[in-house]
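To start, the structure under review is shown below, and the notes come after it.
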Amino acid sequence: MASQKVAPANAQFAFTFYKHVAAAAQSKNIFFSPVSISTALAMLSVGARAGTLSQMVECLGFPPGELPLEEVHAGFHHLLQVLNDPGSQLQLHTGNALFIREGVELLRPFLDELKQNYQSQAFSTDFQNEEKAKKQINGYVEEQTKGKIVDLLSSLDTRTVLVLINYIYFRGQWEKPFEVESTQEGCFHVDEHTTVKVPMMFKWSRYNMTYDQELSARVVQLPYKGNAAALFILPDEGKMEQVEKALSSSTVTKWRNSLSLGPINLYIPKFSLSCTLDLKGLLEKVGITDVFSDAADLSGITGGRDLKASKAVHKAVLSIDEKGTEAAAATALEMMPMCLPPTVKFDRPFLLVIHHSTTDSNLFIGKIVNPTAK
């Protein structure tokens with residue numbers, strides 16, 4: 001499939017980007033969609049030229065000569081088609097949009113490719129009226145996500161010329177729902193000095209899991225209905241930094257390949273969170289600098305060298321609860337061995353990777369430091 005061609009580069013970008021986010025986030029929750037950010041940047045690269053284009057595609061993991069740009073864009077086009085499939089059991093919606101200062105004329109080939117390959121539009125925006133521009137952008141995203149993402153932008157500079165907006169909303173149904181009656185208040189140890197109370201879900205069932213002896217981390221896989229699964233990664237006490245440093249596409253692949261099915265007493269906190277990232281500074285750290293500076297060549301958008309990106313924002317929303325989007329109508333009973341199963345309790349900071357198997361994409365990467373923080 002076309003989307004498989006861009007998957008390795010997207011995975012490489014995902015974990016490189018995570019490390020920069022983690023370094024900036026310190027002791028805060030992290031949650032973002034690397035594949036969604038890659039898609040937004042690939043879309044913007046349609047209008048980039050010369051060094052600006054080279055910088056963007058290389059940082060995204062597509063060095064010249066490895067994969068023709070036409071195939072890169074075709075790969076992202078297929079990726080968006082699959083992820084936004086209305087027939088999927090996953091409740092997932094992602095998209096991109098460009099908001100450009102009023103009076104800036106856009107080239108027809110750029111607009112056509114945006115619409116054809118990226119299901120996106122470009123909008124004329126009166127940035128000199130900050131409140132009007134914020135209302136236009138926030139209203140668009142709220143409408144596109146059916147009210148799930150609101151107030152994406154909190155501020156705008158009246159000198160803004162171009163804003164790249166990227167959004168994603170996800171909520172899945174577990175293949176094995178948790179029983180609401182089994183959820184009880186429990187303690188989550190944010191750090192050695194801080195403990196918070198959280199609703200702690202519980203399930204006694206068979207799950208794919210593994211223990212990484214080298215990195216001192218327990219990994220449990222929870223499948224969703226609809227070709228996606230969540231990897232919950234619980235480092236041993238004091239080992240979070242060690243696991244984060246080793247977090248990579250090859251590490252996650254190693255975990256997936258070593259999973260084995262077995263009975264487990266599983267405790268996971270029930271929570272919702274949303275995270276907004278100002279992408280500009282983070283992207284500059286991974287090497288995408290020209291597009292935000294006077295050196296930008298976005299002449300594929302306007303025909304001239306009069307445009308640079310002023311702001312890039314990403315917002316991701318996550319809900320982890322007993323059933324997911326809907327209550328399950330059926331009840332299933334599992335036969336379990338009589339031996340005492342191990343207990344794995346996610347009651348301290350853990351990592352989360354949500355993977356989409358059809359496109360081999362890391363939909364989300366997160367670090368849950370405090371599930372009660374909003």
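- Considering L107, L44, D306, V104 as possible partners of I301, the one that fulfils the side chain to side chain contact (heavy atoms under 4.5 Å, CB included) test is L44.
- Put simply, L90 and V82 are part of two different groups of oily side chains (I, L, V, M, F, W, Y) that touch within less than 4.5 Å, one to the next.
- Between F346 and I368 the shortest side-chain heavy-atom distance does not fall below 4.5 Å.
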Let's go through T210 and S258 carefully: what are the C-alpha distance in whole Å and the side-chain angles of both, what is the deciding distance for side chain to side chain donor-acceptor pair (under 3.5 Å) to 0.1 Å, and is it a yes or a no? CA-CA 6 Å; T210 188; S258 62; 3.2 Å; yes
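- V286 and V57 fall within a single hydrophobic cluster, where Ile, Leu, Val, Met, Phe, Trp and Tyr are joined by side-chain heavy atoms under 4.5 Å apart, directly or via other members.
- By the 4.5 Å heavy-atom criterion applied to side chains, S249 and T253 are counted as neighbours.
- Residue L98 is tested with I165, L164, L111, V163 for a side chain to side chain contact (heavy atoms under 4.5 Å, CB included); the sole match is L164.
- Of the N and O atoms on the side chains of Y18 and E244, at least one donor lies less than 3.5 Å from an acceptor on the other residue.
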Can you list the steps and then say if T125 with E102 is a side chain to side chain donor-acceptor pair (under 3.5 Å)? CA-CA 5 Å; T125 304; E102 282 184 349; over 6 Å; no
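- One finds the CD1 atom of I37 at 7.0 Å from the CG atom of L283 (value rounded to the nearest 0.5 Å).
- Ion pairing of R159 with D157 is present here, as a side-chain N (NZ or NE/NH1/NH2) and a carboxylate O approach within less than 4.0 Å.
- Considering OH of Y118 and CG of L80, their distance stands at 8.0 Å, rounded to 0.5 Å.
- Summarising the local packing, CD of E71 is surrounded by more than 12 heavy atoms from other residues, nucleotides or ligands at distances under 6.0 Å.
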Kindly determine whether N96 and S120 satisfy side chain to side chain donor-acceptor pair (under 3.5 Å), including the steps that lead there. CA-CA 6 Å; N96 315 285; S120 180; 5.5 Å; no
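- S361 places no side-chain N or O within 3.5 Å of a backbone atom of L363 that could act as its donor or acceptor partner.
- A distance of 12.0 Å separates OG1 of T39 from NE2 of H73, quoted to the nearest 0.5 Å.
- Salt bridge status for R218 with D212: absent, with no side-chain N to carboxylate O gap under 4.0 Å.
- In this structure, D360 and H355 have side chains that are in contact, with non-hydrogen atoms separated by less than 4.5 Å.
- Put simply, the side chain of N208 gets close to the backbone of L261: a donor and an acceptor are under 3.5 Å apart.
- One finds no salt bridge joining K225 and E175 here, because no Lys/Arg side-chain nitrogen approaches an Asp/Glu carboxylate oxygen to under 4.0 Å.
- The closest side-chain heavy-atom distance from I168 to L83 is not below 4.5 Å.
- For the atom pair CD1 of I137 and NZ of K132, the computed distance is 12.5 Å after rounding to the nearest 0.5 Å.
- Within the 4.5 Å cutoff, the side chain of S216 has heavy atoms near those of the Y211 side chain.
- The 12-atom threshold is exceeded at CD of Q242, counting heavy atoms of other residues, nucleotides or ligands nearer than 6.0 Å.
- Within the 3.5 Å criterion, the main-chain N or O of L152 finds a donor-acceptor partner in the side chain of N138.
- When the shell of 6.0 Å around NZ of K19 is examined, it contains more than 12 heavy atoms from other residues, nucleotides or ligands.
- Side-chain atoms of S88 never come within 3.5 Å of backbone atoms of D85 as a donor-acceptor pair (strictly under, hydrogens ignored).
- Classified by interplanar angle (parallel below 30°, tilted 30° to 60°, perpendicular above 60°), the ring pair F350/F188 is perpendicular.
- Remark: side-chain polar atoms of K203 are not paired, donor with acceptor, to backbone N or O of I268 under 3.5 angstrom.
- Linking ILVMFWY residues whenever their side-chain heavy atoms come closer than 4.5 Å, directly or via other members, places M43 and L69 in the same cluster.
- The backbone N or O of F364 sits nowhere less than 3.5 Å from a side-chain atom of N362 that would complete a donor-acceptor pair.
- There is a path of hydrophobic side-chain contacts, each under 4.5 Å, that joins W204 to L234.
- In this structure, K285 NZ and T16 OG1 are separated by 14.5 Å, a value rounded to the nearest 0.5 Å.
- Between W174 and F178, the ring planes are perpendicular. Angles over 60° get that label, and only those under 30° would be called parallel.
- Figure legend: K315 and Y167 shown without cation-pi pairing, the cationic atom not lying both under 6.0 angstrom from the six-membered ring centre and within 45 degrees of its axis.
- Geometric assessment of K176 against the ring of Y207 yields a positive cation-pi assignment under the 6.0 Å and 45° thresholds.
- The minimum heavy-atom distance linking L307 with L298 is given by the pair O-CD1, 3.9 Å.
- Counting only heavy atoms from C-beta outward, the side chains of F17 and I365 never approach each other to under 4.5 Å.
- Under 4.0 Å is where a charged nitrogen must lie from a carboxylate oxygen, and between K270 and E322 at least one such pair does.
- In this structure, I288 CD1 and L60 CG are separated by 5.0 Å, a value rounded to the nearest 0.5 Å.
- Salt bridge status for E241 with K245: present, with a side-chain N to carboxylate O gap under 4.0 Å.
- For the pair K308 and V291, the minimum side-chain heavy-atom distance is 4.5 Å or more.
- A donor-acceptor pair under 3.5 Å is formed between the side chain of S310 and the backbone N or O of V161.
- In terms of modelled atom types and a separation under 3.5 Å, the side chain of R101 and the main chain of F127 share no donor-acceptor contact.
- Contact annotation: the side chain of F232 approaches that of L352 to within less than 4.5 Å [non-hydrogen atoms, C-beta and beyond].
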Stepwise side chain to side chain contact (heavy atoms under 4.5 Å, CB included) check, T160 with F99: CA-CA 10 Å; T160 297; F99 293 84; over 6 Å; no
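- Linking ILVMFWY side-chain heavy atoms closer than 4.5 Å, directly or via other members, places V196 and F202 in a single hydrophobic cluster.
- A donor and an acceptor atom, one from each side chain of D278 and H314, are nowhere located under 3.5 Å apart.
- We find that K148 and E142 are not joined by a salt bridge, their nearest charged nitrogen and carboxylate oxygen being 4.0 Å or further apart.
- In the displayed structure, N257 atom CG is contacted under 6.0 Å by more than 12 heavy atoms of other residues, nucleotides or ligands.
- Distance alone, capped at 3.5 Å, places no donor-acceptor pair between the D236 side chain and the K239 backbone.
- Distance alone, capped at 3.5 Å, places no donor-acceptor pair between the T52 side chain and the A48 backbone.
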